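These figures come from a predicted structure and were not determined experimentally. Per chain, numbering begins at 1; letters A, B, ... match sequence-line order.
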Amino acid sequence: MLSRIAESLFWIGRYVERADNTARLLDVHLNVLLEDPWVDEPSANASILTVMSAGTEAPVTRSDVLQRLAFDRERTSSIAGSLTAARENARRAREVISTEVWESLNTTRMELSRWSQAARPHEYFVWVRERTAVVRGLASATTSRDDAWHFLELGRSLERADMIARLLMTRSLDGTTGVNWTTLLRTCSAHEAYLRTVRALVTEERAAEFLLVDRLFPRSIAYNLEMAESILTDIEGSERSRTLAGRAQLALGRARTNLEYSPVREILDDLPGQMQAVQRACATASDIIRDRYFLPDATVVWNQEAL
Amino acid sequence: MSDAATPWSGYTPAAAWDEAMDVDGKVREPYRRVYAELERMSGDDLYSKAEALASTYLAQGVTFDHAGEERPFPLDLVPRVVGSDEWDIISPGVAQRVRTLEAFLADVYGSQRCVTDGLVPRRLIASSQYYYRQVAGIEPANGVRVHVGGIDLVRDQHGIWRVLEDNVRVPSGVSYVLSNRRAMSQMFPEMFGAMGIRPVLEYSRRLRSALAKSAPEGVDDPTIVVLTPGVYNSAYYEHSLLARTMGVELVEGRDLETVNGRVYMRTTAGRRRVDVIYRRVDDDFLDPVQFRPDSALGSPGLVNAARLGNVTIANAIGNGVADDKLIYTYMPDLTRYYLDEDPILPNVDTWRLEEPAAREEVLDRLDELVVKPVDGAGGKGVLIGPKASAAELAEAKDRISEDPRGWIAQPVIQLSTVPTLTDDGLEPRHVDLRPFAVNDGDDVWVLPGGLTRVALQRGQLIVNSSQGGGSKDTWVLGGVRDRAPRQAPESKVEFGGMHAVPQAAHPEDVVAGQQAQQQQQQREEHSEPPAEPGEDGGASC
């Protein structure tokens, strides 16, 4: 697989997942603003932008948050921006991805303009979740399990681990009493799975444990970190040099085992710090993957004198 | 739009040859079925179908950039039909043309026999902007330089097909032939079954096998790539479609590297050898070592690798010398010279402005002629005498006197017209045709059909899409027509005497009706009677 194409696939996986999870995160945020009686809206808004590392200067209104994280097409940290970027990457890798995936990404981007002034953001978020599910479903049903699939899935699982970590940071958002765990489970579509697995009412420790380290639930952080590790093994094969890819696995594995082997109470006491550590591990792994597989642009400048 | 009963009322062919209707308003044979089909529709049907075509193109991403905005590539609803008798002239004519061009190129970059025999003046070749000394003496693996050729044809006032120009550098547009066909066959499935239209889908397979055959000697299973300038190129859609349908990699210049005269691409598993490059990058940009040193689109060292015979570049570098519009004027002679055949498709009469007598005549009659730059493409720089202002004519005169080698003149050809859906209903619009030919070294195959470009403005004679032209699906008749069922099908079909394997279902679903009944009975026996129905009715107990 061409390095350039692999990079595009990796980012398609990331952007689509990012759009999905950002929609979930914003949905829960707007809900908090409505329902939390003691909410301090400006600082809650500022804090959610910080979680998404979308920088702030002035006091932030609700529509600023929506503009930056939902509708701004120029920033890849917004839903519209991620979906647009996913489509641009798909265009670059057009001959490798299937027609169905391409068309679903392409029409999604075209329909974005319809939502830019959505009266009810919630409907926009539902639509985003639906469209990203369509893209993922089609990709899964039409992609050979070769390197194309591996890079797509690698990007997806890294981004999911990263976004769940960001989502959990909203638990300790400034200016709110914090999202309750039932809402967080629902946001991750995990509430029903939690009830079936834990067979008990939602308690802080158990809910946290479920979203952090559950082995079987596909939206727990540890599940996705482990997935990324094993995909890296698949890509690398057995015989090749494993130094760089090994370092990516190392970063991910360390973050995962930290979650798995620490007492859950300890993690909860320092949730923002722990979650940032997960995000940093994902970023490190992503950089290493780039260096290993997507060679930086080697621009050769030729001039006549030199020849 | 007219209020009349059918979309055809009000359709009157103008001065040019109309392919659908003769001067008496009688429908020509190949168009009979299309005419009848459209006659049954209302004007609104037509526009909604046209709308549907545009929106499928948007969804598929068949677009071109217009002022920074992605527009669907305009595909007209009315197909262009070419009868099989006409195709029997076009197809061998195009193939003959390509064989002539091949022979000429081999000669130009070889012994230049045509020059020593006095057929073509030497300075004509030497002064061609696209003649590259750098590639002289490079002998392609299977002797093919024109792997893909696009020969532009027009039909004049008398219905005669003529060659307007040859394209043997990087002829583009074939992707629109393929995607137009896909869209149109979904729009008019009935006509496709009934008319026996020859298929175009095998193009990619033919191209792939031609490229594979052109691989350097000793390579059994060549790695083929399509080289694109990148995603911002206006023909990127075509590059990716060809790569996808041939099942090969689409690479950019930065994906390639040349080491020790061999070409590799950079993959996640390290370097991989490349044997055949179907390049869609212009000669000038292909290799910064040999040509433009500032080019970032190509890959340094390609020409050297090709010279060593380690890689095949298709189409070959330097082909531009053959589709120069001045060389064009020599093509009929060259056909007789190399092939010992009479040309099947005539040229459009052309004045070579280098010759003083011709130049004098042309400058006198400039207001009734068409003047073109010899190295132009995309309709750029074309001056149509009857439509030009006095100032434009004067300017053109100056430019011609300054650089006579740079220009040719032709009489104004009234291109044939085909019915086209416009804001005012169906109207005749001028068209040309670009059939594509694939040369695999043994045989020149001509894609049945080709790109029909249509000038969407009334009276406009330049059809290039960069000048606001659209396209039509081109239907060549004479394919397999017999689709009628031979006999009434029996109620049960057996496959070689075997019964069909039954489809399984969840066992509970099979008896579901029974169970539901039982459960309902249970409720009636053991539970409270249903609550009192509301005021708005319902059956009382």
Side-chain angles (χ1 to χ4, degrees), chain A residues 1-10 87-111 113 146-148 150-151 154 232 234-237 239-241 244-245 289-290 292-307, chain B residues 55-63 70 72 175 179 182 204 223 225-226 228 230-233 236-258 264-272 274 287-296 298-301:
Chain A
M1 155 140 313
L2 282 176
S3 302
R4 181 172 52 80
I5 300 289
E7 185 163 23
S8 283
L9 290 168
F10 177 74
R87 185 265 185 187
E88 288 311 312
N89 276 286
R91 186 152 176 250
R92 276 179 225 139
R94 179 64 191 87
E95 79 284 1
V96 174
I97 62 172
S98 69
T99 300
E100 286 87 344
V101 174
W102 158 247
E103 285 190 13
S104 61
L105 280 168
N106 191 35
T107 49
T108 302
R109 196 213 48 158
M110 288 193 303
E111 286 165 22
S113 53
D146 55 10
D147 275 357
H150 289 147
F151 280 105
L154 182 60
L232 279 170
D234 288 345
I235 293 173
E236 199 59 19
E239 83 280 22
R240 303 190 60 86
S241 122
L244 268 175
I289 289 165
R290 186 195 58 212
R292 171 75 180 84
Y293 300 107
F294 315 141
L295 298 175
D297 269 353
T299 32
V300 187
V301 180
W302 291 83
N303 52 51
Q304 248 142 6
E305 284 81 13
L307 292 169
Chain B
S55 70
T56 50
Y57 265 23
L58 262 186
Q60 287 172 22
V62 190
T63 55
E70 275 183 33
S175 59
S179 54
R182 184 178 149 199
S204 304
T223 301
V225 297
V226 178
T228 174
V231 70
Y232 297 109
N233 185 272
Y236 178 76
Y237 169 76
E238 171 151 320
H239 308 157
S240 73
L241 180 126
L242 288 176
R244 199 168 75 242
T245 51
M246 288 195 288
V248 305
E249 304 280 1
L250 180 66
V251 303
E252 293 179 16
R254 57 190 162 124
D255 298 324
L256 296 179
E257 57 188 346
T258 309
Y264 298 89
M265 57 182 167
R266 298 177 168 136
T267 76
T268 51
R271 291 198 308 220
R272 187 162 149 222
V274 172
D287 185 345
V289 178
Q290 300 285 353
F291 308 114
R292 287 181 57 149
D294 60 337
S295 167
S299 173

Under 4.5 Å from a heavy atom of chain A, the part of B:L241 involved: neither
Of B:T267, B:T268, B:D255, the residue whose pairing with A:R4 passes side chain to side chain donor-acceptor pair (under 3.5 Å): B:D255
Contacts of type side-chain hydrogen bond (donor to acceptor under 3.5 Å, both in side chains), residue B:S240, not counting sequence neighbours: none
B:V248 to A:E95 - nearest heavy-atom pair and separation: O-CG, 4.2 Å
Which atoms of B:V226 approach chain A - backbone, side chain, both or neither, heavy atom under 4.5 Å: neither
Residue part contacting chain A, namely of B:E252, when any heavy atom lies under 4.5 Å: both
Non-hydrogen atoms of A:L2 and B:M265 that approach each other most closely: CD2-SD, 3.7 Å
Interchain contact, A:S104 with chain B, by part (heavy-atom threshold 4.5 Å): neither
Taking every non-hydrogen atom, the tightest pair across B:R244 and A:I97: CD-O, 4.5 Å
Contacts of type salt bridge (Lys or Arg N to Asp or Glu O under 4.0 Å), residue A:R87, not counting sequence neighbours: B:E70
Chi angles and distances behind the side-chain contact (heavy atoms from CB on, under 4.5 Å) call for B:V231, A:R94: CA-CA 10 Å; B:V231 70; A:R94 179 64 191 87; over 6 Å; no
B:Y232 versus A:R92, closest heavy-atom pair with distance: OH-NH2, 4.4 Å
B:A296, part contacting chain A, at a heavy-atom distance under 4.5 Å: neither
For A:E103 against B:A59, the heavy-atom pair lying closest together: CG-O, 3.6 Å
Heavy-atom pairs under 4.5 Å with chain B, option from A:M110, A:M1, A:R109 with the top count: A:M1
Contact origin within B:Y237 toward chain A - heavy atom pairs under 4.5 Å: neither
